[in-house]
Every structure is written in C-alpha cells, then in structure tokens.
Visitor: 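Can you read through this structure? Questions will come right after.
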Number of protein chains: 2
Amino acid sequence: MKNNEKFGDATGVLQRERPTLKTIAFMTGLGVTTVSRALKDAPDIGAETKERVRMVARQLGYQPNRAGVRLRTGKTNVIALVLSIDEEIMGFTSQIVFGISDVLSGTPYHLVVTPYSIAKDPLLPVRYILDTGSADGVIISRIEPDDPRVSLMIERNMPFSTHGRTESDLVHPYHDFDSEAYAYQAVRALVAKGRRKIALLPPPGRLTYFAHTRIGFQTALHVHGAEEIPLRVNIDAPLQQIRDEVETLMRSSHAPDGIVSSSAAGAIAVNAGVEAAGCVVGRDVDLVSKQSTEILNWIRPNMITCFEDVREAGRELARAVIGRIEGVPPEKLQSISQPVWSDGVFD
Amino acid sequence: MKNNEKFGDATGVLQRERPTLKTIAFMTGLGVTTVSRALKDAPDIGAETKERVRMVARQLGYQPNRAGVRLRTGKTNVIALVLSIDEEIMGFTSQIVFGISDVLSGTPYHLVVTPYSIAKDPLLPVRYILDTGSADGVIISRIEPDDPRVSLMIERNMPFSTHGRTESDLVHPYHDFDSEAYAYQAVRALVAKGRRKIALLPPPGRLTYFAHTRIGFQTALHVHGAEEIPLRVNIDAPLQQIRDEVETLMRSSHAPDGIVSSSAAGAIAVNAGVEAAGCVVGRDVDLVSKQSTEILNWIRPNMITCFEDVREAGRELARAVIGRIEGVPPEKLQSISQPVWSDGVFD
DNA sequence: CAATTCTACTGTATCGTTACAGATTTCCCC
DNA sequence: GGGGAAATCTGTAACGATACAGTAGAATTG
C-alpha cells in the first residue's frame, strides 16, 4: 500500500505533513470520495459516518487544499479588490480594505489587492482577472456613468460589486454614498449659517457621483436661494493647485462665503487657500466637507463635517459580491449610505 | 484523439476556452512536456523549437494556470501582507500596499492582504499561512524585539521581510525607518530653536522602535543639554486621550516647550491639546513630527516635520521577500531609511 | 420471493502543470 | 560499422479535490 509511506511511522512522532482527504480516508478506513462528500454534508452519506469524518478532520486540523479545489472546480475563493493608486490618500484605501476583510474573515475567501493607475487603461486589471479566472468576484471603485468594466464583467458573467453607481440600465450590485443628499444638506447647512455665495469643490467630472453632487448642490442653491461661485478645480487636482485656486478666489471681488468640498484632503487644501488669502474658516467663510476619519475636526473644529463610513462601505461591498456569487439577484444587492453630520450641524 | 473535442471546430470561430499547454502542444505538434520545458527555457530543448513555442504561446495569450502550478510545485506566487487593523489610519496602510504592488506588478506574484487585530493573537494569521502554505512569502509589521512571528517563520523556513527590526540574533530581511536618528534630530531641531524642556510622544513600548526612539531622544537631550518632560501616553492611545494628556501637561507648571511625536495622527492630537490649553504651536511650544504624507504641513505650517517614505518602504519590503524567496542571504536584504526633513529645518 | 428501489459507499478520470525516466535520432570516434 | 555520447523530444504519474458512474447490500414491494 502506497499510503504506508505516509502513515507508516507508528512511533507517534510529529505528523509534519499537511493532512489531505487521503489522510482522513486512511484514518477512517473510508474512501477518499466518501470523505470528500461527508465533509460537504452530501445527502448520500450516513449520519454517523459524517460525524466520524468531521471529528477526524477537526482533530487533524484539515484544511482543503485551495489549489486542488481550484484546479478541479474553478472556484478560486478569491475576491479581487481593484484599486486606483490615485485614490484619496487619507485612509480611504485602508478603511475599505479593512471593511472587506471584516466580512471575508468569516468565509473561505481571500482578498487580493490589484492596484492600477488611472493613467493606464482601467480595463486592464479587470481583463486580466477575467482572462485568467483569478477571482470569484471583483470589487471596483471610481465608477463612471457608463463604466466599461461593468458591462464587460456582466457580459463575461463575473460576479462583482461597485463602490458607486452607473447610469446605464445594466442592473448590478453596488454600494454608494448619497452624494446628492450630502451636497444638498451641505448647502442647507451653509445657508442656515447665513451664507449665500457658495462654491463647490466637486469630484472629477468623469465619475458618476460628480453628477449626483452637482444635482444636490444646485437643487439646494435653488431651493434655498443661494448662488454658486464657480471654482475651477476638482478633488483629483494636486492639493497645491486647489489651494492656489481657492486663494485667488478668496482675494477676488466675488469671494464665496461658503465652500463645499467632496473630500477631506480637498478641504485641507481649501482651508489652506482660505488662510493664505488672510481669511478665517468659521468667520469669513464656512467650509463643509465629508470625511472618512475624524481628522478634520481635530484640525479645524469649526469646519462643518459629515462622516462617510468607508469601512462599512467595504463591508457592504464584500457582502454584495458574495451575494452575487451565491446567486442573489443584483437588484437585491444595492445600498446607499446617508451622510451622518457631526453634532450640532442640524438640530 | 480526445483533443479533437477541444480543437475540432475548424470554422475559426471564437476560441473562447483559455489556452493551456495542451493547446500549444496541439498547435505546434509537440508534446505537452516539451512545451512546458520550452517555455521555461530548459537546456534540453532545441533553440528553434523554443522560438516556435514562444511565438504560439504569445499569440494565444497563454498564461500558466496558477492552480496547476501550485498544485504540482507548491509554488503559490502569492505574497501575504499581514496587517494590523489598528495600524495608523493616515495613509500608512495604503502607501505600503501601493509600494508593494509597485514591485509585484513586474512579477507573477499577487498580493494577498491578511488583516488581524492586535486584540487577538498576532501569531494566528502567520500560523494560518504556514499551515496552509498559502503564500511564498510574508511581510509583517509592528515588530517586537523578540518577535515570535520571526522565529516561527525562520523555523518553518518561510521567506519573509519585516517592517521594523528585531533585537534577537536571528538574522532576517527587514526594512526600517531610522527612529533613533529621527528622535535625535528632532530634539536637535528643537534645541536649535531654543527649546530645552522636551516631551516625547513615543510608539508603544512593546515595539522595537520604541527603544530606538528613546535612545535617540535621550542621547540628544544629553548631548544638547535639554531636559525631558514626561508624557504618559503613546501613539497607539486614542487621539482624545493624547489630547487630554497634552492639555493637562501644557497647563501645568512643568509644561514642555518642545514636543516630539512619533506619528502624524499623534501630532494632530498633540496640537489639539496644545491649543486647548490656550497655547500656540510655533510660539509657546514647537512640535516635531514625522509623517508619511505631507498633510501636517498643510494644516499647521509651523510644525517641524520629517518625511518617512512608506511607499518606498513597501517597495523595499517586497524586494526583500522576493530576494529571500530567490535565495539571497538575509543579511543582504536589510535596509534602513533616513529621515528627510522638510526645507529649512536643517541648513 | 423475485424484482425493484434505496442507502451508503467507492473507483476512476480529470482539472493543468511538472518531475522523472525513458525513447529516438544524429553524430562522432576508433 | 558498431558503440556510445549528445541532443531533442515524449509518455506517465503525481499534486489534491471532485464529478460521475457505478456497486453491494438492505429494505420494500406486489
């Protein structure tokens, strides 16, 4: 018996080799197939046998060999997170990674991080994953209204979820922050403070939530009778450029008395610009921003901030891909999180 | 011939199936083994054959099936990054991930992120990787002087690199920031500004770089004739606690006139504490911090800052593990990065 | 009680790759 | 021209898991 090579050492010394189905089969006296089926609770295996197999497996610390499963079934047990390296630096990435891990840690899935540069083709990493079948599910961010990655993955039948929405009529799982509500409420908060000349530091125009932000912003301006002071940068611009642009604006005759920023890093640059122009946030101008950590409040307590729970977003996204892998219809895997304003903004 | 099932479609329509060695073997008329060996440039394959195989492989967009390789050879082509979820929030994690990816993107390695909580056993994730053989190499951080993960991985012969050093005599690859130099130079900078009563917000005492930091700090105090004002928190404490501690200290009779922080987030809390006590950084007290983004300078331009290039650290760490995997001796895979002070600190 | 169905289990082939032990052909040398 | 080495190439088995098509024996049925 060939098995003996592996099990012949009856002295009881350290069993170094990693246990496989064969090990369990040998120990229980069953066939490998039976063991395999017993461990997945197949209906054609006797209850007592299952129990016995499970006990031995537990005792040996058996963990299925991922390569074996993957080769035979095609199931990788991998979720790929496709990240832009140009993503906001301030904790966004780590929070989303940790959020995803929160959920995956209770599953057999591993998280593979696949960064790309928006300077190159954003389709590349997705194509790679599709062509090599290297993941069971994919999470992407920086979604565009008609994102080619979304249509590609749907066409190729790859489960995925997106951080952000598209605007095509392709139905897919997503999690998104309600940027329209955010912008609307931001303006409302400024108006409540008596501000009427309001500038917006928006997301890049390519991304879907740019439109959401603008709609909320403009609606609120209209409803509350405020006026937009145009600003010619977005949050993807270098901080220095945002600062300079804001400084110029603040020194001009049409300086805003309120500014809404779509990112924490952007708000920091805006604040620097305001101060460079000799103004003070909270006195000459009010500044609203969203943030994924509490950092802004530590820096300038009189900034008006709302919290976007990116870690929870990560959790939602992970739940969504897994749901999709398990066959849940996409329309049941969509969620939108609401802005949470810090104390005192709205009462 | 069984192959025909796969290649019988002579109409030339879409070759959807992913190509394997068998595909190439069929197209070139060679054996599977030959193709395999040709692609790895084995010496017993004819030059012309190799060329032909490479051409066909390229043309088909052949990519070796990772599960096949892994099952047969045990090589996973995976680097595992083991991260504490309690890691500094401000971009540390993302920078290190992107740095590692910079290097891995030119290799067949994928990056798997494995977070853990320091509340639980830090050995767990490492043990899991060792027991399941799920990576060819591991990167860990938050290194302790006698880190059990290091001895475990050496014992089990798992290539790894560490962000931070140990103090045992186990030789292993690492990358570290020179915290001793940082603390020394930080004190020197404060003394140069006329400060003499200096407090330190150190790393947690468990970690190796706590000692490095303290040595640099105390040496500089001694050399430059300054005095330590004790502070009873470390950078792992909640920001609120740091703030309160600093505020109390600043209000006391033995308030420091200089503070050195070992993290950017810590510096923000320190600054808040200083201001809460009615003092101003740059006037009543000078504050030195290191940071991995430029954020502090945007917030409080008169903080004294030095830059720790965490992304480059990620690159170094990735190069180091890969070196180790390829058999480079560990002592050749050690590096220490020096603090880079912002303009004007030292001239 | 023979025929059928059920229950519980098992052997074989296979996924894609590579290690290993040949096999075939050519070439060289004495 | 026979022996042997060198140069190329190839078939088989194996890694660990699972799909599938059985099989043996017990239970049920008419």
Visitor: Quick test of your reading: applying ring-ring contact (aromatic ring centres under 6.0 Å, His included), list the pairs with at least one residue in residues 124-144 of chain B, sequence neighbours left out, ordered by first then second residue.
Guide: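 ring-ring contact (aromatic ring centres under 6.0 Å, His included) check on residues 124-144 of chain B returns A/H110-B/Y128.
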Visitor: Shorter than 3.5 Å, N or O on both sides, protein versus nucleotides 8-10 of chain D: list them out with atom names.
Guide:
{"from": "D/dC9", "atom 1": "OP1", "to": "B/T49", "atom 2": "OG1", "distance (Å)": "2.7"}
{"from": "D/dC9", "atom 1": "OP2", "to": "B/G46", "atom 2": "N", "distance (Å)": "2.8"}
{"from": "D/dC9", "atom 1": "OP2", "to": "B/T49", "atom 2": "OG1", "distance (Å)": "3.1"}
{"from": "D/dC9", "atom 1": "N4", "to": "B/D44", "atom 2": "OD2", "distance (Å)": "3.2"}
{"from": "D/dT10", "atom 1": "OP2", "to": "B/G31", "atom 2": "N", "distance (Å)": "2.8"}
{"from": "D/dT10", "atom 1": "OP2", "to": "B/T34", "atom 2": "OG1", "distance (Å)": "2.5"}

Visitor: I want to check something: taking the side chain as every heavy atom from C-beta on, are A/L30 and A/T49 in contact at a cut-off of under 4.5 Å?
Guide: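 Yes, at least one pair of side-chain atoms sits under 4.5 Å.
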Visitor: Could you state the CG-P distance from B/L21 to C/dA19, rounded to the nearest angstrom?
Guide: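 For the pair B/L21 CG and C/dA19 P, the rounded distance is 12 Å.
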Visitor: Show every donor-acceptor pair shorter than 3.5 Å between a side-chain atom in residues 36-43 of chain B and any protein atom, with sequence neighbours excluded, or say none if there are none.
Guide:
{"from": "B/R37", "atom 1": "NE", "to": "B/D44", "atom 2": "OD1", "distance (Å)": "3.2"}
{"from": "B/R37", "atom 1": "NH2", "to": "B/D44", "atom 2": "OD1", "distance (Å)": "3.3"}
{"from": "B/D41", "atom 1": "OD1", "to": "B/K50", "atom 2": "NZ", "distance (Å)": "3.0"}

Visitor: For A/R319, what residues pass the salt bridge (charged side-chain N to carboxylate O under 4.0 Å, His left out) criterion, not counting sequence neighbours?
Guide: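 Once residues adjacent in sequence are excluded, the partners of A/R319 under the salt bridge (charged side-chain N to carboxylate O under 4.0 Å, His left out) criterion are A/E312, A/E316.
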Visitor: Rounded to whole angstrom units, what separation is found between the NZ atom of B/K22 and the C1' atom of C/dT18?
Guide: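 Checked: the NZ to C1' distance equals 15 Å.
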Visitor: Is the phosphate of C/dT17, meaning OP1 or OP2, less than 4.0 Å from a side-chain N or O of B/S36?
Guide: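 Answer no for this pair, as no side-chain N or O of B/S36 is under 4.0 Å from OP1 or OP2.
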Visitor: What's the NZ-C1' distance between B/K75 and C/dA19, to the nearest Å?
Guide: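 Distance check: B/K75 NZ to C/dA19 C1' gives 17 Å.
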Visitor: Scan for salt bridge (Lys or Arg N to Asp or Glu O under 4.0 Å) pairs involving residues 61-75 of chain B, sequence neighbours excluded, and state none if there are none.
Guide: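 Passing the test, one end in residues 61-75 of chain B: no pairs.
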Visitor: Kindly calculate the angle separating the two end axes of the helix from C/dC1-D/dG30 to C/dC30-D/dG1, each obtained from five base pairs, and round it to 10 degrees.
Guide: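 Inter-axis angle at the termini of the helix from C/dC1-D/dG30 to C/dC30-D/dG1: 60°.
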Visitor: For A/Q59, enumerate each residue passing the side-chain contact (heavy atoms from CB on, under 4.5 Å) test, keeping only those at least two apart in sequence or located in another chain.
Guide: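 With neighbours one apart ignored, the set is empty.
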Visitor: Under the salt bridge (Lys or Arg N to Asp or Glu O under 4.0 Å) rule, what pairs show up with a residue in residues 23-33 of chain B, not counting sequence neighbours?
Guide: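 Output for this query is empty, none listed.
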Visitor: From CG of B/N77 over to P of C/dT18, roughly how many Å is that when rounded to an integer?
Guide: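 These atoms are roughly 10 Å apart.
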Visitor: In residues 62-71 of chain B, what residues come within less than 4.0 Å of DNA chain D, judged by heavy atoms?
Guide: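 Going residue by residue through residues 62-71 of chain B, the ones with a heavy atom under 4.0 Å of DNA chain D turn out to be B/L71.
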Visitor: If a pair satisfies salt bridge (Lys or Arg N to Asp or Glu O under 4.0 Å) and one of its residues is in residues 322-331 of chain A, list it, with sequence neighbours excluded.
Guide: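 Qualifying pairs: none.
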Visitor: Under 3.5 Å, which donor-acceptor pairs link side chains of residues 154-163 of chain B to any protein atom two or more places apart or in another chain?
Guide:
{"from": "B/R156", "atom 1": "NH2", "to": "B/D131", "atom 2": "OD1", "distance (Å)": "2.8"}
{"from": "B/S161", "atom 1": "OG", "to": "B/L317", "atom 2": "O", "distance (Å)": "3.0"}
{"from": "B/T162", "atom 1": "OG1", "to": "B/G164", "atom 2": "O", "distance (Å)": "2.6"}

Visitor: Take atom CG of B/L39 and atom P of C/dT17, then tell me their distance rounded to the nearest Å.
Guide: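 Taking CG of B/L39 and P of C/dT17, I get 9 Å after rounding.
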Visitor: Round to the nearest Å and state the distance from A/I24 atom CD1 to D/dG16 atom C1'.
Guide: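 Rounding to the nearest Å, CD1 of A/I24 and C1' of D/dG16 are 12 Å apart.
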Visitor: Is a side-chain donor-acceptor pair under 3.5 Å present for B/T166 with B/D147?
Guide: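 Side chains of B/D147 and B/T166: no pair found under 3.5 Å.
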Visitor: To the nearest Å, give me how far apart CZ (A/R72) and P (D/dA17) are.
Guide: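 Nearest whole value for this atom pair: 13 Å.
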Visitor: ring-ring contact (aromatic ring centres under 6.0 Å, His included): which pairs involve residues 44-87 of chain B, sequence neighbours left out?
Guide: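 Listed by first then second residue: nothing to list.
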